[in-house]
Peer 1: 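Let me give you the structure first, and then I'll get to my questions.
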2 protein chains.
Amino acid sequence: MSKARTSTPRERYRAQVRAEIKEHAWEQIATAGASALSLNAIAKRMGMSGPALYRYFDGRDELITELIRDAYRSQADTFRTAAGAGAGLAGLAHALRAWALDDPQRYFLIHGTPVPGYHAPDDITEIAAETMAVIVDACAALPPSDGAGGAFDAHLDTHRQWAGDRAADSAVLHRALSFWSRLHGVLSLELAGQFTGMGFDPALLFEAELKDLLGP
Amino acid sequence: MSKARTSTPRERYRAQVRAEIKEHAWEQIATAGASALSLNAIAKRMGMSGPALYRYFDGRDELITELIRDAYRSQADTFRTAAGAGAGLAGLAHALRAWALDDPQRYFLIHGTPVPGYHAPDDITEIAAETMAVIVDACAALPPSDGAGGAFDAHLDTHRQWAGDRAADSAVLHRALSFWSRLHGVLSLELAGQFTGMGFDPALLFEAELKDLLGP
DNA sequence: CATGGCGGTGAGAAGCTATCACGAACATTA
DNA sequence: TAATGTTCGTGATAGCTTCTCACCGCCATG
């Protein structure tokens, strides 16, 4: 146990360079989108020549995958800290919107147009499932909605393995899915700028959707 | 007025080649996404060499813009024909879903991740506004929802220039926006494959969202 | 029939990803 | 301390991309 240090100077340097590369990558993505990410441009901006980056990332795809992983982790963290601070479903919604507005391209990186051939590694889908679990729990803490469930609720009774072994009612799962899809709907349209020029305040539409989601 | 013919053989040839280029472009987009669209590959597949395509399109951007225009037109047409056939809001929703599933990448081309620098030409936004008008009209034909409007309805009372001079109630405009954002939410998540592996049927979630949208 | 415009080509510049062989600096071991 | 091995960075190179240019040939119109 003489080797108490958990990282050699080299490892620290390597981690620091990797982080700096990702920083430049995020900057580039925020201003020009993920499709315009250029390893060459990053290298030049860091003062080193092209192929050097391949010591730190296997290639463009691996770098983007790493960014996607970080984005998912960031989203999961915001949800967890919000839930940890006692936020309910409304709190989660506001945390999500703030997180999305903070860096729209980061939101689109994980919720935007998928690349047909791409398959995310398993650890990423695990993080996504974790995020969904937080939402489901917040939905379970809500007063149950009155009225009989529809056809979809019945369907969810027999198709709920995605919720794990959580003993949540079908209506709760349904509400979680609605939460996800509805907020994603308004958010993605707002971030894509589809509302610009229409004149109204997207925040109020978001609020209205949220209220309707919690209301009935 | 001796020139009654509206197109010379050359113009017809030109139009036909342009159409063939777009055909190949769509094929390529459907299988690899818009970011992977390659003029060179299209030219090769058409049996001619690279720069020849520049006789028909100013460049990659102009080709993509043209595809976006066609996508918007196609969407507007589906909405118009559905509305013309007497379809109500539910009919429009089903037409939209069928149109989206028919070519997911076409859907993402106009509703997916935006490219930060890109601004669509005015005629495209006009087509989009036309589409929105069809939705608003379908919403106006619905029985009015009971209950007082919320804060967003009041906001829409003074921020409704996007609806043109249509004498629609604020609740109608609100419903149109909800229609758009909610269906886009479920649809984009489904098309992006975010539901695959979860086990449930996305069509039923779509139906549930639609029912809730029409219901109250 | 001659002239001009249009379509297509090959060459080439500039950018990108990615691989390779090499040298230099570092860390580790003998 | 000296030798060895690993890691980092570089330039060269291949192959792809978009896009421009000069040239050539055909078709259509005057």
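Naming convention: chains lettered A, B, ... in sequence-line order (proteins, then strands); numbering from 1 in each chain.
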Peer 1: Name the closest nucleotide to the Arg55(A) side chain, picking from dT18(D), dG9(D), dC20(C).
Peer 2: dG9(D)
Peer 1: dC16(C), OP1 or OP2 - any side-chain N/O from Ser38(A) closer than 4.0 Å?
Peer 2: yes
Peer 1: Between atom CG in Asn40(A) and atom P in dG15(C), what is the gap in whole Å?
Peer 2: 10 Å
Peer 1: Are any of Arg14(B)'s side-chain N or O atoms less than 4.0 Å away from OP1 or OP2 of dG7(C)?
Peer 2: yes
Peer 1: Side-chain N or O of Ser49(B) versus OP1/OP2 of dG10(C): is the shortest distance under 4.0 Å?
Peer 2: yes
Peer 1: Determine: side-chain N/O of Tyr56(A) to OP1/OP2 of dT7(D), distance under 4.0 Å, yes or no.
Peer 2: no
Peer 1: His155(B) and Phe200(A): aromatic ring centres closer than 6.0 Å?
Peer 2: no
Peer 1: Can you check the Met46(A) CE to dC8(D) P distance for me, whole Å?
Peer 2: 13 Å
Peer 1: Select from Ala41(A) and Asp58(A) the residue whose nearest nucleotide in DNA chain C is closer to the 5' end of that strand.
Peer 2: Ala41(A)
Peer 1: Between Arg69(B) and Glu66(B), is there a salt bridge with N-O shorter than 4.0 Å?
Peer 2: yes
Peer 1: Give a yes or no on whether the backbone of Thr113(B) and the side-chain of Thr113(A) come within a donor-acceptor separation of less than 3.5 Å.
Peer 2: yes
Peer 1: dG7(C) P sits how many Å from Arg18(B) CZ, rounded?
Peer 2: 11 Å
Peer 1: Just the rounded figure in Å: distance from P of dG15(C) to CZ of Arg45(A).
Peer 2: 14 Å
Peer 1: For Thr8(A) and dA27(C), is the shortest distance between a side-chain N/O and OP1 or OP2 below 4.0 Å?
Peer 2: no
Peer 1: Could you tell me the separation between the CD atom of Glu11(B) and the C1' atom of dG7(C), rounded to a whole number of Å?
Peer 2: 15 Å
Peer 1: Find the distance Ile42(B):CD1 to dC16(D):P and express it as a whole number of Å.
Peer 2: 17 Å
Peer 1: For Met48(A) and dT10(D), what is the distance between atoms CE and P respectively, to the nearest whole Å?
Peer 2: 7 Å
Peer 1: Determine, for Arg106(A) against Asp70(A), whether the closest basic-nitrogen to carboxylate-oxygen distance falls under 4.0 angstrom.
Peer 2: no
Peer 1: Do the side-chain N or O atoms of Tyr13(A) get closer than 4.0 angstrom to the phosphate oxygens (OP1, OP2) of dG9(D)?
Peer 2: yes
Peer 1: Give one of base, sugar-phosphate or nothing for Leu37(B), where a contact means two heavy atoms less than 4.0 Å apart.
Peer 2: sugar-phosphate
Peer 1: Pick base, sugar-phosphate or nothing for Arg60(B), based on heavy-atom distances below 4.0 Å to the nucleic acid.
Peer 2: sugar-phosphate
Peer 1: Please figure out whether Lys44(B) or Arg10(B) has its closest DNA chain D nucleotide nearer the 5' end.
Peer 2: Lys44(B)
Peer 1: Whole angstrom is fine here: how far is it from CD in Gln16(A) over to C1' in dC8(D)?
Peer 2: 15 Å
Peer 1: What is the ring orientation for Trp180(A) with Phe195(B), classed by angle as parallel under 30°, tilted 30 to 60°, or perpendicular over 60°?
Peer 2: perpendicular
